[in-house]
Structure formats: structure tokens, C-alpha cells
Amino acid sequence: MIKRALKNINLLHSFECAARHQSYSKAAAELCISQAAVSQQMRQLEENLATQLFLRKSKSMLLTQQGKALLSGTQQAFKLLEKSINEITVEEIAGSLTISSTQAFTTLWLMPKLSDFSAQYPNINIRVMSSAQFEDLKEQHIDLAIRFGPRVKENTDSSLNCEYFGEDPVYPVCSEALTKKMDFKEPKDLLKTWLVSLENPGCYDWPSWFEHTNTQGYQEHQQWTEVHSTDMALNAVLNDHGFTLAARYLIIEQLKSGQLVMPINIPHPNVVKRYFVYDENSPKIARLNVFTNWLKQEMNATN
């Protein structure tokens, strides 16, 4: 029975993918085959093992106890196999690296500094993707995700390394020109102008800041502007459209130049935690280390 199951390792590979996603359709997308092919492979594997591995519930494929046991075993086996292969096929520093992060980070922090990195490491070709989602690194062929927030660890696949590399405070900021037109001395003064907020601010929202500063009457405030991303919010604020909340690492250059100011120097109660997410057994690990070390040095230098 075991020999029949191991005879075609593709069945176990497809099983691991389907079990991890609890979905044949998502597994099909990652494996670049049809959903029908995944379904057929799982039937074949169950026949070879003479046991049921999945139970269908609505649109999800839930694992039986036998399926859970097999998933644990296959993941450990594939991880060991992948590590062994990577040890003998590890790539040099030169080559490509695909990086994913938020639109705000890639636009405001990474892209302005990318020329400095390329000057130091001209043999590393960087491909940058921006997304606010927790992408599947394997499915999207992403080598490194730079993620921010309080729930990164719990949203990271256990097979990936989630490396904490610091945190930043969040402040209300506005343009210097606006402070010349209006007087902002205490938190309630922000209610005299426009407040720019993200459509989905998460835990870095205005109500939390106003509650933290014991500001009364913010619930009745009428001048709100909602935008999709932090870079859009900062663009509005740089053009004198009120205040927005922003992590300090994103606006450090604008603060130094005086384009943005913090007239009310009270941080948001929630800080932004920063993480690198990657496969520590990646054949590109030498290249990954070069990039992450450079990024950490740059962040420490600007702070």
C-alpha cells in the first residue's frame, strides 16, 4: 500500500497543496492544472491508501483524521527534501528577487531608495509587487514579503519564516502650509479641518487616537475624506488637505524637509510592527539576506 502511494510523488504533492488550502480549486491554481485533475488525483490517492482523506463541507474540503496525519507527514517530508535539494542547488547572490509589500511602503519608502541598492548590488534584479493582502508566497512566486501590523504572525503560513525587524509609531501629520493658516495646539483642534482616513484603517484609526487623547465630540465631525491607501492620504495632506495618520518610517524624509509636520506630537496607541516573511530554505537565501540586511540598515539610518 505504501509503495503504491509513494510510486507517484505527484499525488502527495497535490494532496499537500489541496490539504493546505482546503480547496481543490485553489490547489489547482497553485499547481497550474484543472480542478478536475486535482479531484481525480485525490480519488486515486484515497484508493491507493484505502482510506478517506477529505470531507466536503460547502465549498471547503476538510481533512479527516487520516488526512490530517498524512498532511503532517507529507509537509515534514517535503520540507526535509526541499532543504536537502536547496543545500546542493543554492544560488549565488547574483540573480532575481521578487518582493511584495504594501503600496504605501513600495511607493514612499522602497522605490526612492532602490537606486541605492542597485548601485551597491548591480547583479541583483529586483521585481516589486504591491498588495495589501497576505499573499500566498508559493502560489505567487514571491521570494520575500515585507508585512506590517499586529496580525502578521497569525496570518503567516507555518512553513515560512516570519522575522520581526522593528516597529514604528503612528502620528497625525499635516502640511507645514496648513499650520500657517490654522492654529493646532491640542488634539481637539484637529476637528477644525479635514481628516483623511483609509477605507480600511484597521487598528490605526482616528477614533482610537481621539479616545487615546480624551478628545470629545469627534463622533460629530463632518469633514472626512476616505482613500484606498496611505500614499493617497499623504498626497492629499501634502497638498494642504487636513490631517492623516501615518507611520513615522513612511514620512521621515518629508518630516526632515519640513513638507510634513506633527503639530500635535501624540502618537497613536497602536504601533506598526514590521516583519520579513520568506522561506528560510529558499535557494535564494544568500540573496534574501543581502536585501534584508540592506533594508534594515537603511531603516536604522533614517530613524
Side-chain angles (χ1 to χ4, degrees), residues 1-91 96-100 127 129 131-145 147 151-163 275-285 287-288:
M1 185 185 299
I2 296 175
K3 288 183 179 179
R4 288 202 305 270
L6 296 178
K7 187 176 181 181
N8 190 346
I9 198 169
N10 284 336
L11 294 182
L12 292 173
H13 182 219
S14 296
F15 165 76
E16 190 280 333
C17 189
R20 174 162 39 85
H21 288 296
Q22 294 190 352
S23 167
Y24 286 179
S25 60
K26 290 182 179 179
E30 180 176 328
L31 297 168
C32 298
I33 59 178
S34 68
Q35 182 175 339
V38 174
S39 179
Q40 183 179 5
Q41 288 178 343
M42 294 307 95
R43 284 197 301 272
Q44 184 180 345
L45 182 60
E46 288 179 329
E47 289 173 3
N48 289 348
L49 296 173
T51 189
Q52 187 174 7
L53 301 172
F54 291 96
L55 292 171
R56 178 177 290 280
K57 185 175 181 181
S58 186
K59 295 182 179 180
S60 297
M61 301 301 298
L62 304 182
L63 289 170
T64 62
Q65 287 301 117
Q66 294 88 341
K68 290 177 181 178
L70 184 59
L71 175 60
S72 176
T74 54
Q75 286 184 330
Q76 292 178 43
F78 280 132
K79 192 169 185 178
L80 180 61
L81 183 60
E82 183 180 30
K83 182 179 180 180
S84 300
I85 292 173
N86 288 340
E87 285 176 353
I88 62 174
T89 61
V90 63
E91 296 182 15
S96 64
L97 204 60
T98 298
I99 297 163
S100 172
R127 175 175 175 253
M129 301 170 59
S131 172
Q133 308 301 318
F134 289 97
E135 309 95 334
D136 187 315
L137 270 62
K138 294 179 181 179
E139 184 178 334
Q140 299 295 324
H141 305 291
I142 296 168
D143 301 308
L144 173 69
R147 293 175 173 168
R151 292 181 291 276
V152 173
K153 278 188 173 293
E154 66 188 67
N155 283 288
T156 297
D157 191 297
S158 59
S159 66
L160 298 172
N161 190 39
C162 187
E163 177 187 342
Y275 297 87
F276 293 129
V277 178
Y278 59 93
D279 180 359
E280 60 186 349
N281 295 317
S282 168
K284 299 182 181 182
I285 193 63
R287 204 172 305 150
L288 278 165

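The chain is numbered in sequence order, starting from 1. Everything numeric in this text was worked out from a predicted model, so none of it was measured.
Here C17 contributes atom SG and D136 contributes atom CG; the two are 7.5 Å apart, rounded to the nearest 0.5 Å. Here the straight-line distance linking atom CG of L137 with atom CG of D157 works out to 9.0 Å at 0.5 Å rounding. Once rounded to the nearest 0.5 Å, the distance linking CG of N155 with CZ of R147 reads 8.0 Å. Taking NE2 of H21 as the start and NZ of K138 as the end, the distance is 8.5 Å to the nearest 0.5 Å. Note that CD of E163 is 11.5 Å distant from OH of Y275, once rounded to the nearest 0.5 Å. Rounding to the nearest 0.5 Å gives a distance of 9.5 Å between OG1 of T156 and CG of N161.
Under the 4.5 Å side-chain criterion, counting only non-hydrogen atoms from C-beta, Y278 is not in contact with K284. Here the side chains of H141 and T98 are not in contact, with every heavy-atom distance at 4.5 Å or above. Two residues are said to be in side-chain contact when any heavy atoms from C-beta on lie closer than 4.5 Å; Q44 and L11 meet this criterion. The shortest side-chain heavy-atom distance between F54 and E46 falls under the 4.5 Å cut-off. For the pair R20 and E30, the minimum side-chain heavy-atom distance is below 4.5 Å. By the 4.5 Å heavy-atom criterion applied to side chains, F15 and L63 are counted as neighbours. Using a 4.5 Å heavy-atom cutoff, the side chains of R127 and I99 are not in contact. Using a 4.5 Å heavy-atom threshold, the side chains of C162 and V152 count as touching.
Of all non-hydrogen atoms in E280 and I285, the two that sit nearest each other are O-CD1, 3.8 Å. Closest non-hydrogen pair, Q66 versus T51, comes out as CG-OG1, 3.5 Å. Scanning both residues, R287 and L97, for their nearest heavy atoms gives O-CD2, 4.0 Å. Summarising the geometry of A19 relative to L71, their closest heavy-atom pair is CB-CD1, 3.7 Å, with the distance given to 0.1 Å.
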Task: Working for side-chain hydrogen bond (donor to acceptor under 3.5 Å, both in side chains), residues S100 and E135 - done: CA-CA 9 Å; S100 172; E135 309 95 334; 2.5 Å; yes
Task: Chi angles and distances behind the side chain to side chain contact (heavy atoms under 4.5 Å, CB included) call for L49, L70 - done: CA-CA 11 Å; L49 296 173; L70 184 59; 3.8 Å; yes
Task: Derivation of the side chain to side chain contact (heavy atoms under 4.5 Å, CB included) call for F78 and L12 - done: CA-CA 9 Å; F78 280 132; L12 292 173; 4.1 Å; yes
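Q22 and S60 are not linked by any side-chain donor-acceptor pair at a separation below 3.5 angstrom, with hydrogens and angles left out of the test. With no hydrogens or angles considered, a side-chain donor-acceptor pair links Q41 and S14 at under 3.5 Å.
Remark: of the listed residues Q75, K68, Q76, Q76 is the sole one forming a side chain to side chain contact (heavy atoms under 4.5 Å, CB included) with S72.
Around CD of Q140, the count of heavy atoms belonging to other residues, nucleotides or ligands within 6.0 Å exceeds 12.
Judged by distance alone, with hydrogens and angles left aside, the side-chain atoms of S39 form no donor-acceptor pair with the main-chain N or O of Q35 at under 3.5 Å.
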